[in-house]
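What follows is a short report on a single structure.
Please read all numbers here as calculations on a predicted model, not as lab measurements. A, B, ... follow the sequence lines: proteins, then strands. Residue 1 opens every chain.
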Amino acid sequence: MLLTVALRGGGARTMRVTAHSNTAALLEVFGDLRPAEAAEVVQTVCRMLRLEEDLSGFYLRAEHDPDLSWAADEDAGRILRSASAFEDVIKTICTTNCTWSATERMVEALVSELGPIAPSLSGSAPRRAFPAASVLAEQNEDFYSGVMRAGYRGQYIRAISVAVANGTVNLEELTREHPAALADREVENLLLSLPGVGPYATAHIMMMLGRFSRLVFDSWTVPKYRNLTGRHRITTKGIERRFRRYGEYAGLAFWLYLTRDWL
DNA sequence: CGTCCAGGTCTAC
DNA sequence: GGTAGACCTGGACGC
């Protein structure tokens, strides 16, 4: 696949990513790249593909579950995520209370209007990465309503971008592997305190942070679970009970159970 | 053309 | 603590 990632010093690079295994990939970057930038690109792609995520605890439990042993066999579960926690938070807000096509349109507007541009091979269209928080922070209401057409989400996105840009909130330190590793409950409370981020968005963002304890319940996952199991009256409490045996990996187990037919 | 609602959240009871 | 209404947008549907 083609990936375009931003560089800290400005600009961006596009690359072709070829899977070697579930934990290794080949990167062919278009355009020049200084050593420090190369390291940055590798780090970003590692995050996106979760090449270094340790899922052994999950596989240990999945082995004994006929519904999910396939995941252990295939070393599945490295759900693709964005280049940063900030990007995952903004994108998640863009999934709330709207259709998937609206989500795509809102994110596309952010990237095509504000994203840093990457040099491309001659003949191919220029590509952009997701814009930095500081860039989103300086946009006015006209951009969010008139260009992005985010509706009431605009003020949420702007407020979070300002908080991240001025250092009030540090989303990147919320990842499971970060040295300052907080407990899931602390991360949950912090995310819930963000404007526009409720229970659904919190559970989803935590999955993106490598924290799989919470199940993502929304108007797609719950009906999908009911259809797969034939248990049309089961509630979220019942679903949580079904996956409780997975402990800190309950959310991952639920998600893989729902999306097996995607593979 | 009006109503409903989609991979919800916030505010006000 | 639990729940009804409002909320931007736009596509799907019924009339």
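With both pairing distances under 3.5 Å, B:dA12 is matched to C:dT3 as a Watson-Crick or G-U wobble pair. Base pairing of B:dC4: its partner is C:dG11, meeting the Watson-Crick or G-U wobble criterion (both donor-acceptor distances under 3.5 Å).
Relative ring orientation between A:Trp262 and A:Trp220 is described as tilted, the plane-to-plane angle lying within the 30° to 60° band. Ring pair A:Tyr156/A:Tyr152 is perpendicular by interplanar angle, where above 60° counts as perpendicular and below 30° as parallel.
Nucleic acid contact for A:Leu194: sugar-phosphate only, since backbone atoms but no base atoms lie under 4.0 Å from a heavy atom of the residue.
Across all non-hydrogen atoms, the minimal contact from A:Leu174 to A:Arg211 is O-NE, 2.7 Å. Considering every non-hydrogen atom in both A:Cys94 and A:Arg153, the closest pair reads CA-CD, 4.4 Å.
Using a cut-off of 4.0 Å between Lys/Arg side-chain N and Asp/Glu carboxylate O, A:Asp88 and A:Arg81 are scored as not salt-bridged. Residues A:Arg176 and A:Glu248 are paired through a salt bridge, judged by an N-O separation under 4.0 Å between the basic side chain and the carboxylate.
In terms of position along DNA chain C, the nucleotide closest to A:Ala150 lies nearer the 5' end than the nucleotide closest to the other residue of the pair A:Ala150 and A:Ser101.
Rounded to a whole angstrom, the distance from the P atom of B:dC5 to that of C:dC15 is 14 Å. Going from the P atom of B:dA12 to that of C:dC8 covers 15 Å, rounded to whole Å. Taking atom P in both C:dC7 and B:dC4, one finds a spacing of 16 Å when rounded to whole Å.
At distances below 3.5 Å, not a single donor-acceptor pair connects side-chain atoms of A:Arg128 with backbone N or O atoms of A:Ile117. Side-chain N or O atoms of A:Asn189 include none that pairs as donor or acceptor with a backbone N or O of A:Leu192 at under 3.5 Å.
A heavy atom lying under 4.0 Å from DNA chain B marks the following residues of residues 85-99 of chain A, by number: A:Thr95, A:Thr96, A:Asn97, A:Cys98, A:Thr99. Near-neighbour residues of DNA chain B inside residues 203-227 of chain A, defined by a heavy atom below 4.0 Å, number-ordered: A:His204, A:Asp218, A:Ser219, A:Trp220.
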Show the numbers, then the answer: is there a side-chain contact (heavy atoms from CB on, under 4.5 Å) between A:Trp255 and A:Phe212?
-> CA-CA 10 Å; A:Trp255 186 254; A:Phe212 304 108; over 6 Å; no
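Distance, A:Glu104 CD to C:dT9 P: 19 Å, rounded to whole Å. The CE atom of A:Met148 sits 12 Å away from the P atom of C:dG10 (whole-angstrom rounding).
Separation of the A:Phe254 and A:Phe217 ring centroids falls under the 6.0 Å cut-off.
With a cutoff of under 4.0 Å to any heavy atom of chain A, the contacted region of DNA chain B is bounded 5' to 3' by B:dA6 to B:dC10.
Using a 4.5 Å heavy-atom threshold, the side chains of A:Arg260 and A:Asp67 count as separate.
Of the side-chain N and O atoms in A:Arg149, one or more sit less than 4.0 angstrom from OP1 or OP2 of C:dG10.
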